[in-house]
Amino acid sequence: MIQTKGYAAPAAKEPLAPYSFERREPRDHDVAIDIQYCGICHSDIHQARDEWGGSAFPMVPGHEIAGVVTAVGDRVTRYKPGDKVGVGCFVDSCRRCDHCQAGLEQYCSKGMVLTYNGKEYDGTPTMGGYSDKIVVNEDYVLRIPDHLPLDGAAPLLCAGITLYSPLRHWQAGPGKRVAVIGLGGLGHMGVKIAHALGAELTVLSHSLKKEDDGKRLGADHFYATSDPDTFTRLGGYFDLIINTVSAELDWNQYLGLLKVDGTMVLLGIPEHPVPVGAFSLIGGRRSLAGSLIGGIRETQEMLDFCGRHNITCDIELIPIQKVNEAYERVLKSDVRYRFVIDIASLQQGG
Ligand code: NAP
Ligand code: ZN
Ligand code: ZN
């Protein structure tokens, strides 16, 4: 077994603390990775605090993993020691269902194996990237373009693909008016990627505090949703709205900003159900949709796209000892725009 050091939440709502555990030795098709950086996704906080129910503890969160291959199993063909790689939100799926066959492993009929807070199909609990090593089947490992810095690339593995997938699916591009609600970890990737795809991009943020950043990241327009004029001014304007906010917003108000046939895609996951009035949809043949991360093939496509366009995340690098403080700041929207843990800090002990 491989001795692994990390940080875990011992129980719901308790602070994360140092935690040691074991990972399997690489099997024939496995890749062993030294983790160098791991992003902090808001989903880590939802799960560490058991806000979605069913969390398993102790929990080592982290699904925005970037590192370097240290060893490979005998039958691995695609990776070798020294390669720069990433691991995202899942580490296995059934491979046989229609969705897996179509490269949509995130919708696997048997249920994908989450990178953490999940179970391998043999029942072993999975542990995530707030740790120094991970062992993953090569089919679920991604290649990070060599020239991208690993710290800024780590959050592409969740925040990047979660925005890239719906932007591509709903064909964001030249001539399309796209809005992103919430300029956080997910939202700022949406701005960069939509801009690179050639769409007209508007940020809808709770205030104008992040306006300069939004424009620098590539937004064409920036509006505060605390200003009621925003909703009258932009009525019927957008082809596509991507909602990254986990707070319970009035979705009906935002649906009114869509053109006829426009779509609002939910990415943020509120703790409680949110009411939707039928008229908000019927009144413009509008669609309300949702999207979950992205499949392996599309995640690789996104990484290559980001490589070509030199897109990485804007990050604040922190030692792992500051993870609990970072969680509090994420909850206050006080991060520009993703915390990334420098895993080397685990060697400092404590
Ligand atoms: P984040 O960095 O905390 O960003 C969320 C943004 O929402 C904030 O920056 C803020 O933007 C806005 N916001 C926060 N509280 C608000 C409030 N009370 N009212 C209005 N706006 C508020 O979080 P994230 O990591 O981007 O994740 C966002 C959500 O997506 C989480 O629920 C996460 O679990 C979920 N998620 C979903 C998927 C998926 O596959 N669908 C994948 C990853 C994460 P402004 O300051 O600009 O208003
Ligand atoms: Zn995530
Ligand atoms: Zn499947």
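From a predicted model like this one, the values you see are computed outputs, not experimental measurements. Remember, it's 1-based here, ligands and their atoms both numbered in the order they're listed. Keep in mind that the numbers below use all heavy atoms, side chains included, and drop hydrogens, waters and symmetry copies. Numbers here are sequence positions counted from 1.
Residue A247 has at least one heavy-atom neighbour below 4.0 Å for each of these atoms of ligand 1: 16 (C), 17 (C), 18 (N), 19 (N). Contact atoms of ligand 1 toward C41: 43 (C), 44 (C) (distance under 4.0 Å to a heavy atom of the residue). Using a 4.0 Å cut-off to heavy atoms of T244, the atoms of ligand 1 that qualify are 28 (C), 29 (C), 30 (O). Every atom of ligand 1 with a heavy atom of L292 under 4.0 Å away is listed here by number and element: 40 (O). Near C158, with a cut-off below 4.0 Å to any heavy atom, the atoms of ligand 1 are 42 (C), 43 (C). Interface of V330 with ligand 1, defined as ligand atoms under 4.0 Å from a residue heavy atom, comprises 3 (O). Near S205, meaning under 4.0 Å from one of its heavy atoms, ligand 1 places the atoms 45 (P), 46 (O), 47 (O), 48 (O). With ligand atoms numbered from 1 in the order given, ligand 1 contributes 2 (O), 4 (O), 9 (O) to contacts under 4.0 Å with heavy atoms of G184.
Residue contacts with ligand 1 include R338, since one of its heavy atoms falls under 4.0 Å from the ligand. Residue I45 places no heavy atom under 4.0 Å from ligand 1.
With 2.8 Å as the limit, H42 does not count as an N, O or S neighbour of the Zn ion (ligand 2). Coordination check, C94 versus the Zn ion (ligand 3): passed, since an N/O/S atom of the residue sits under 2.8 Å. With a cut-off of 2.8 Å, the Zn ion (ligand 2) has no N, O or S atom of C89 in range.
When the shell of 6.0 Å around CZ of F279 is examined, it contains 12 or fewer heavy atoms from other residues, nucleotides or ligands.
Between Y254 and F231, a ring centre-to-centre spacing shorter than 6.0 Å is recorded.
The two atoms that bring D50 and A12 nearest to each other are CB-CB, 3.7 Å, heavy atoms only. Of all heavy-atom pairs spanning M127 and I134, the tightest one is O-CD1, 4.0 Å. Taking each heavy atom of V135 and R23 in turn, the nearest pair found is N-CD, 4.1 Å.
The proximity of H46 to ligand 1, defined as any non-hydrogen pair under 4.0 Å, is limited to the side chain.
Rounding to the nearest 0.5 Å places CG of L249 at 10.0 Å from CG of L266. Annotation: the span from H188 atom NE2 to T244 atom OG1 amounts to 11.5 Å, rounded to 0.5 Å.
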message = Between V31 and V76, does the side-chain contact (heavy atoms from CB on, under 4.5 Å) criterion hold? Intermediate values first, please.
response = CA-CA 8 Å; V31 174; V76 168; 4.2 Å; yes
task = Take Y37 and I65 through the test side-chain contact (heavy atoms from CB on, under 4.5 Å) and record every step on the way to the result.
result = CA-CA 6 Å; Y37 300 100; I65 299 171; over 6 Å; no
ask   = Run the side-chain contact (heavy atoms from CB on, under 4.5 Å) check on L292 and M112 step by step: do they pass?
value = CA-CA 12 Å; L292 182 65; M112 61 181 158; 3.9 Å; yes
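In terms of polar-atom proximity, L266 is not counted as a contact of ligand 1, lacking any N or O under 3.5 Å from an N or O of the ligand. Between L204 and ligand 1, no N or O atom pair is found at a separation short of 3.5 Å. Annotation: W52 places no N or O atom under 3.5 Å from an N or O atom of ligand 1; distance criterion only.
One finds an angle of 120° at the Zn ion (ligand 3) between SG on C97 and SG on C108, to the nearest 10 degrees.
Between atom 40 (O) of ligand 1 and the options I293, L208, L163, the minimum heavy-atom separation is to I293. Which of L186, V245, I161 comes nearest to atom 7 (O) of ligand 1 through a heavy atom is settled by distance: it is V245.
Ring orientation note: the planes of H63 and Y116 are tilted relative to one another, at an angle of 30° to 60°. Using bins of under 30°, 30° to 60° and over 60° for the plane-to-plane angle, the ring pair F305/Y164 lands in the tilted bin.
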